[in-house]
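Here the structure is a predicted model, which means the values were calculated and not measured. We name chains A, B, ... by the order of the sequence lines, and we start the count at 1 in each one.
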Number of protein chains: 2
Amino acid sequence: MKTKLFIVDDHFMVIEGIKAMLQDEPDIDWLGHAYNADSCLSFLKYHQPEVILMDINLPDKSGIELCKEVFEKYASIKIIGLSTFNQLSFISKMLDHGAMGYLLKNATKQEIITAINTVMKGKNYLSTEAANMMKKPSIADAPTLTRREIEVLQLIAEGMTNAEMANKLFVSATTIDTHRKHLLEKFNAKNTAALIHLAAQMKYL
Amino acid sequence: MKTKLFIVDDHFMVIEGIKAMLQDEPDIDWLGHAYNADSCLSFLKYHQPEVILMDINLPDKSGIELCKEVFEKYASIKIIGLSTFNQLSFISKMLDHGAMGYLLKNATKQEIITAINTVMKGKNYLSTEAANMMKKPSIADAPTLTRREIEVLQLIAEGMTNAEMANKLFVSATTIDTHRKHLLEKFNAKNTAALIHLAAQMKYL
DNA sequence: TACACCATCCTTTAAAAAGGGGATTTTTTC
DNA sequence: GAAAAAATCCCCTTTTTAAAGGATGGTGTA
C-alpha cells in the first residue's frame with residue numbers, strides 16, 4: 001500500500017528535488033506541496049496525507065508552530081522535520097510538538113524513504129547528523145532566569161562592565177557581580193565567554 | 001546556443017530540484033554536478049561549463065574559497081552563489097571573489113533562468129531578497145578572520161582561558177593574547193562578552 | 001505563617017583580560 | 001621581488017572578572 005505524502009517547504013528547489021527523487025517510488029503517493037503554513041492547513045481540511053515533510057523555516061510561521069497545530073488537529077499524521085544543517089537547535093522543539101522524525105536537506109533518496117517507512121511504523125527517525133547535534137547543549141536544558149538576570153545577561157553581551165551596568169540599573173557593582181555569579185552557575189559556564197555563547201545558543205540573546 | 005551549466009551543492013535535494021526544473025529548458029545544457037569543492041575542481045580540469053551554480057556551504061571548504069579558486073583558474077566561468085536566506089553575510093564575500101550572481105534556494109525556475117541569462121551577458125544578478133539583505137549593515141560587515149583567529153574565537157566561546165588555549169594550540173599565551181586583541185579590533189568589540197555576542201550573530205559560532 | 005526565592009550589598013584574594021607598546025618569521029598577494 | 005598580511009613572541013600596567021565567603025529585606029506562595 002502506498003504512503004500518502006505531502007510536503008511543506010518554501011524552497012521550490014527542495015520540493016522539486018524531493019519530487020524528482022521520489023516520483024519513481026512505487027510506495028509513495030505524492031499528494032502535493034505547500035509553500036507556507038497557511039496553505040498547508042487549508043490543504044489538510046480536505047485531504048489526509050499520512051506523512052508530512054515539513055521545513056522548520058516557513059515564511060508565515062515557524063515549522064514548530066505549524067507542527068504543533070497539525071499535531072493537535074490531526075494526531076494521526078506523522079510529521080518529519082526538514083532543515084539545513086545549521087538550524088538543528090530546533091529539533092527537540094519539533095519533536096516535543098509531535099514530529100516523529102527529522103531529516104537534513106542533504107539526505108539521500110534512501111534516507112528519505114527510510115525515514116518515511118520508519119515513521120509509518122510508528123517509530124521515530126532521526127538522521128545521524130541530527131542525532132549527533134541533539135547531544136549539543138540546546139534549548140532543552142536552558143535554565144530559568146529571573147527578570148534581573150536576563151537584563152544583566154543582555155547588558156553583558158553588549159559589552160558593558162559591572163560598573164557600567166551598576167550605573168545603568170541603579171544598583172551597586174557588587175549586586176551585578178552576584179547576578180553574574182548566578183548566571184555562571186545556572187548556565188554551568190566556566191567564564192563570561194562561555195556564558196554568552198551558551199546564552200546565544202539558547203536564544204536568550 | 002545552449003548555456004553549459006554545472007552545479008556544486010552538497011544538498012542532493014537541491015541538485016535534484018534544479019535538475020528537475022531545468023531539464024526541459026532548451027537553452028540549458030546540464031553538464032552535471034559535484035557534491036564538494038574537490039570533485040568540482042576535478043571536473044573543471046576536463047570540462048568547461050559556462051555557468052556554475054555554487055552553494056556557499058560545502059563539506060570540504062567554503063563556497064567562498066572555491067569561488068576564488070575557480071575564478072583564478074578559469075576567469076571566464078560565471079559563478080552564481082546559492083544559499084538559503086540566513087547565510088547572506090557571505091554574499092559580498094562571494095561577489096568579491098569573482099561571483100557574478102547570487103540566488104536564494106527558494107528561487108523560482110524563472111529566477112534561475114533569468115540569473116543564468118543575466119550573468120551570461122556579463123552582468124551581475126542578485127535576487128531581490130539578496131539585494132535587500134545586502135543593505136543591512138549588521139551581518140554584511142562581518143570581518144574577515146584568519147584561520148587562527150577563527151580557531152581562537154571558537155575556543156574562547158567554549159570558555160577556555162588564554163593559558164588553556166596556548167597549551168592546546170602549542171603556542172605561547174602571549175600569542176593567544178595577540179589573537180584576542182585582533183579579534184576585538186576586527187569586531188570592534190569592547191570586551192570578550194561583546195565579541196562572542198557579535199560573532200554568534202554573524203554566524204561564526 | 002513559614003519557606004523559598006529574589007534582589008540587594010559587602011569583603012578578600014587570585015586570576016584573567018584589556019590596552020599600550022614593539023618585534024620576528026613565514027606566507028600570501030600584487 | 002617587493003609589499004602586505006598572518007602568525008608568532010615579548011614587555012608592562014591597569015582594569016575587570018572569578019571564586020568563595022556571608023548578610024539583609026522583600027515578595028509570593030504552599
Side-chain angles (χ1 to χ4, degrees), chain A residues 142-199 204-205, chain B residues 61-62 64-75 93 95-98 142-200 204-205:
Chain A
T144 309
L145 303 183
T146 68
R147 195 186 73 256
R148 212 50 160 172
E149 282 163 355
I150 292 173
E151 213 166 354
V152 170
L153 174 62
Q154 282 161 354
L155 295 180
I156 294 174
E158 286 173 23
M160 293 179 79
T161 67
N162 288 347
E164 286 166 341
M165 286 184 266
N167 197 45
K168 186 183 174 76
L169 302 179
F170 303 108
V171 295
S172 147
T174 63
T175 304
I176 303 293
D177 215 71
T178 308
H179 291 310
R180 278 188 105 115
K181 217 188 305 183
H182 291 156
L183 283 167
L184 288 171
E185 280 165 15
K186 286 190 177 179
F187 278 92
N188 201 16
K190 276 182 68 181
N191 54 31
T192 304
L195 168 69
I196 298 298
H197 188 207
L198 289 169
Y204 284 104
L205 297 172
Chain B
K61 65 179 73 169
S62 82
I64 293 157
E65 283 175 76
L66 178 60
C67 184
K68 201 167 131 194
E69 287 184 46
V70 171
F71 183 64
E72 281 163 4
K73 289 185 191 160
Y74 317 93
K93 284 188 187 158
L95 296 177
D96 284 349
H97 291 305
T144 307
L145 302 184
T146 68
R147 195 187 74 256
R148 212 49 159 173
E149 282 163 354
I150 292 172
E151 213 167 353
V152 170
L153 175 62
Q154 280 161 356
L155 295 179
I156 293 173
E158 284 173 26
M160 292 179 79
T161 64
N162 288 348
E164 287 166 340
M165 287 184 265
N167 197 44
K168 185 181 175 80
L169 300 179
F170 303 107
V171 295
S172 145
T174 62
T175 304
I176 302 294
D177 219 71
T178 307
H179 290 311
R180 277 188 105 114
K181 232 182 294 186
H182 291 156
L183 284 167
L184 289 173
E185 279 165 17
K186 285 189 176 180
F187 279 92
N188 201 16
K190 277 183 66 179
N191 54 32
T192 303
L195 168 69
I196 299 299
H197 188 206
L198 289 168
Y204 284 104
L205 298 173

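- Dashed line: the shortest gap from a side-chain N or O of B/R180 to OP1 or OP2 of C/dA17 is under 4.0 Å.
- DNA chain C is contacted by both B/L184 and B/T178; B/L184 maps to the nucleotide lying nearer its 5′ end (nearest heavy atom per residue).
- Taking 4.0 angstrom as the limit, A/T146 places none of its side-chain polar atoms (N or O) nearer than this to OP1 or OP2 of C/dC5.
- Atom NZ of A/K168 sits about 11.0 Å away from atom CE of A/M165, to the nearest 0.5 Å.
- Here the P atom of nucleotide C/dA18 and the NE2 atom of B/H182 are 14 Å apart, to the nearest Å.
- Across the protein-nucleic acid pair, B/M165 atom CE and D/dC9 atom C1' stand 16 Å apart, rounded to whole Å.
- Rounded to an integer number of Å, the gap from CD of A/E185 to P of C/dC6 is 12 Å.
- If you take NE2 of B/H179 and P of C/dG19, they are 18 Å apart, rounded to a whole angstrom.
- The rotation axes computed at either terminus of the helix from C/dT1-D/dA30 to C/dC30-D/dG1 lie 70° apart, taking five pairs at each end and rounding to 10 degrees.
- Residues of residues 166-177 of chain A that place a heavy atom closer than 4.0 Å to DNA chain C, in numerical order, are A/V171, A/S172, A/T174, A/T175.
- Regarding contacts with the backbone of C/dC6, every side-chain N or O of A/R147 stays at 4.0 angstrom or more from both OP1 and OP2.
- Contacts with DNA chain C (heavy atom under 4.0 Å) in residues 189-199 of chain B: B/N191, B/T192, listed by number.
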